[in-house]
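Within every chain, numbering begins at 1; the chains are lettered A, B, ... in the order of the sequence lines, protein sequences first and strands thereafter.
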Number of protein chains: 2
Amino acid sequence: MTLSSTFYSSQDSFLVAVDCIILGFKENEISLLVHKREMEPAKGGMSLMGGFLQNDESLNQAATRVLTNLTGLENIFMEQVGTYGEIDRDPGERVISVCYYALIDLSSYDDTLLKKHNAFWVNINSAAELIFDHPQMVDDAITILRRKASMQPIGFNLLPEKFTLTQLQALYEAIYDHSMDKRNFRKKMLSMGFLQKTDEIDKSGSKKGAFYYQFKEDRNELLNTSYAF
Amino acid sequence: MTLSSTFYSSQDSFLVAVDCIILGFKENEISLLVHKREMEPAKGGMSLMGGFLQNDESLNQAATRVLTNLTGLENIFMEQVGTYGEIDRDPGERVISVCYYALIDLSSYDDTLLKKHNAFWVNINSAAELIFDHPQMVDDAITILRRKASMQPIGFNLLPEKFTLTQLQALYEAIYDHSMDKRNFRKKMLSMGFLQKTDEIDKSGSKKGAFYYQFKEDRNELLNTSYAF
DNA sequence: TCAAAAGTGTTCGTTTTACACCCATGT
DNA sequence: ACATGGGTGTAAAACGAACACTTTTGA
């Protein structure tokens with residue numbers, strides 16, 4: 001960096017990382033994608049997937065890059081959680097970390113790519129074992145996910161395109177970590193108006209079979225209404 | 001920075017700024033503290049108060065420093081809004097900006113300090129005239145304020161210790177930018193249980209006089225309930 | 001035939017909304 | 001006496017919570 005190109009000379013500069021909280025829905029639980037850290041400090045510790053911001057990319061681009069490198073997925077729902085800036089949050093060196101969370105559909109996901117990065121899924125309840133301030137990041141992300149999922153249909157990013165109401169309820173029960181009444185759940189979901197019943201039937205979950213639903217195309221119109229669970 | 005002290009060598013590093021959205025309640029409107037920028041680029045433009053993060057402070061400390069330098073106030077409610085990292089968001093040089101909002105009580109605030117920084121209050125509706133991506137930051141802060149004020153008694157940070165119900169209603173009407181029914185507002189506020197009626201009367205607002213209220217000390221117990229306006 | 005999951009309504013209590021008048025006081 | 005803002009109650013609607021049985025079908 002040459003002085004002639006700078007407006008804000010003599011200011012301190014910092015490493016900036018993006019850390020990604022990648023969430024999936026597996027066996028009726030929320031899962032978190034983590035990896036065994038390959039560098040010191042805390043080598044071998046369980047860590048969120050992250051990477052350093054580079055000069056040629058925005059924060060959102062960096063988060064997308066980290067996510068895509070690891071998972072091979074694109075066009076994934078992703079949103080900022082917050083930025084963590086305690087001086088000693090990373091014992092190796094000072095790093096400002098901008099944290100994102102992403103929601104992915106695991107129903108047809110091939111995770112061979114994950115193995116190359118020593119990455120694996122753990123139950124969200126194991127997040128306390130993460131290194132540094134990553135447990136706090138996950139807590140904050142879950143808080144945001146719960147709040148947003150009660151206002152907007154974002155939870156659906158964790159499901160395949162077509163899903164049964166039973167699957168949807170299981171997802172919400174996992175997000176909020178409590179069981180819900182089937183009749184009330186269905187009544188409320190259907191009254192929100194963004195579910196479209198298909199004529200396809202899922203026979204995998206029961207002998208009787210359950211209708212598949214999908215999201216209406218126009219669900220963006222519905223984002224301003226608030227729904228609480 | 002010497003290589004021997006670094007774990008993450010050869011990564012790009014960045015200027016990190018904190019920008020503060022300082023909000024006050026003035027003449028029944030939400031006001032925003034801004035200043036005329038003293039450096040290029042955009043010198044003379046209307047800007048949020050900000051500063052660069054320094055090596056010896058956390059992000060929260062930096063935000064507090066900026067706020068205290070400017071206003072002389074300490075122990076102010078402050079919370080992160082988000083982090084803005086587009087490559088060209090600051091045309092001078094690349095800067096990652098972590099944005100905070102703060103709520104302050106203007107009722108007995110002496111703003112001589114503000115003049116030293118070319119700072120002044122503008123109506124929140126003038127935020128669109130701010131430079132760079134500061135209008136977006138203000139939009140995001142207002143969204144957060146509205147959401148949080150409906151769940152937790154944070155709006156009170158904008159009022160003096162003692163206030164009348166009419167003042168409180170005017171504050172909420174300013175935050176949400178719509179008028180509310182007086183009877184319903186009072187009923188709801190009082191039912192929430194964190195208001196304490198005093199025996200003092202404000203005669204400044206009316207001939208009849210209105211009782212002053214204050215917050216109960218134990219209001220932290222109440223933060224988990226959700227209240228919508 | 002039976003086990004397993006899908007699907008379906010009603011009642012009750014709570015919360016939210018809409019709405020209009022009297023009171024106390026200073027001028 | 002009157003203008004100004006302070007203070008109060010009720011009825012209707014919407015919403016949330018609790019609750020149990022019938023249907024379909026594969027094994």
Atom pair distance, as rounded to whole Å: NE2 in His178(A) and P in dA17(D):
9 Å
Which label fits Tyr176(B) and His178(B): parallel for a plane angle under 30°, tilted from 30 to 60°, or perpendicular past 60°?
tilted
Determine whether a donor-acceptor pair (one donor, one acceptor, N or O, separation below 3.5 Å) exists between the side chain of Lys208(A) and the base of dA6(C).
yes
Rounded to the nearest Å, what distance is computed from the NZ atom of residue Lys207(A) to the C1' atom of nucleotide dA3(C)?
5 Å
Hey, mind stepping through Ser97(A) and Asp19(A) against side chain to side chain donor-acceptor pair (under 3.5 Å) and telling me if it holds?
CA-CA 7 Å; Ser97(A) 173; Asp19(A) 283 309; 2.6 Å; yes
Nearest-Å distance for atom pair CG/P, residues Asp181(A) and dC21(D)
14 Å
What is the distance, rounded to the nearest whole Å, between atom CG of Asn184(A) and atom C1' of dC19(D)?
9 Å
Whole angstrom is fine here: how far is it from NZ in Lys203(A) over to C1' in dG26(D)?
8 Å
Residue among Leu168(B), Leu195(B), Thr166(B), Asp181(B) satisfying side-chain contact (heavy atoms from CB on, under 4.5 Å) with Arg186(B):
Thr166(B)
Would you say dA6(C) has OP1 or OP2 under 4.0 Å from some side-chain N or O of Thr166(A)?
yes
Under 4.0 Å between a side-chain N or O of Arg186(A) and OP1 or OP2 of dG7(C)?
yes
Worked verdict on Cys99(B) versus Tyr84(B) for side-chain contact (heavy atoms from CB on, under 4.5 Å):
CA-CA 8 Å; Cys99(B) 179; Tyr84(B) 298 78; 3.7 Å; yes
Between Arg183(A) and Gly209(A), name the one whose nearest nucleotide on DNA chain C is closer to the 5' end.
Gly209(A)
Is Lys162(B) close enough and on-axis enough to Tyr212(B), meaning under 6.0 Å and within 45°, for cation-pi?
no
Ranking Phe211(B) and Ser206(A) by the position along DNA chain D of their nearest nucleotide, the one closer to 5' is Phe211(B)
Lys182(B) NZ to dG6(D) P, straight-line distance once rounded to whole Å:
6 Å
Check the distance between dT8(D)'s P and Met189(B)'s CE and give it to me in whole angstrom.
16 Å
Under 4.0 angstrom, heavy atoms only, what part of the nucleic acid is Thr164(A) near: base, sugar-phosphate, or nothing?
nothing
To the nearest angstrom, how far is Lys187(B) atom NZ from dT10(D) atom C1'?
8 Å
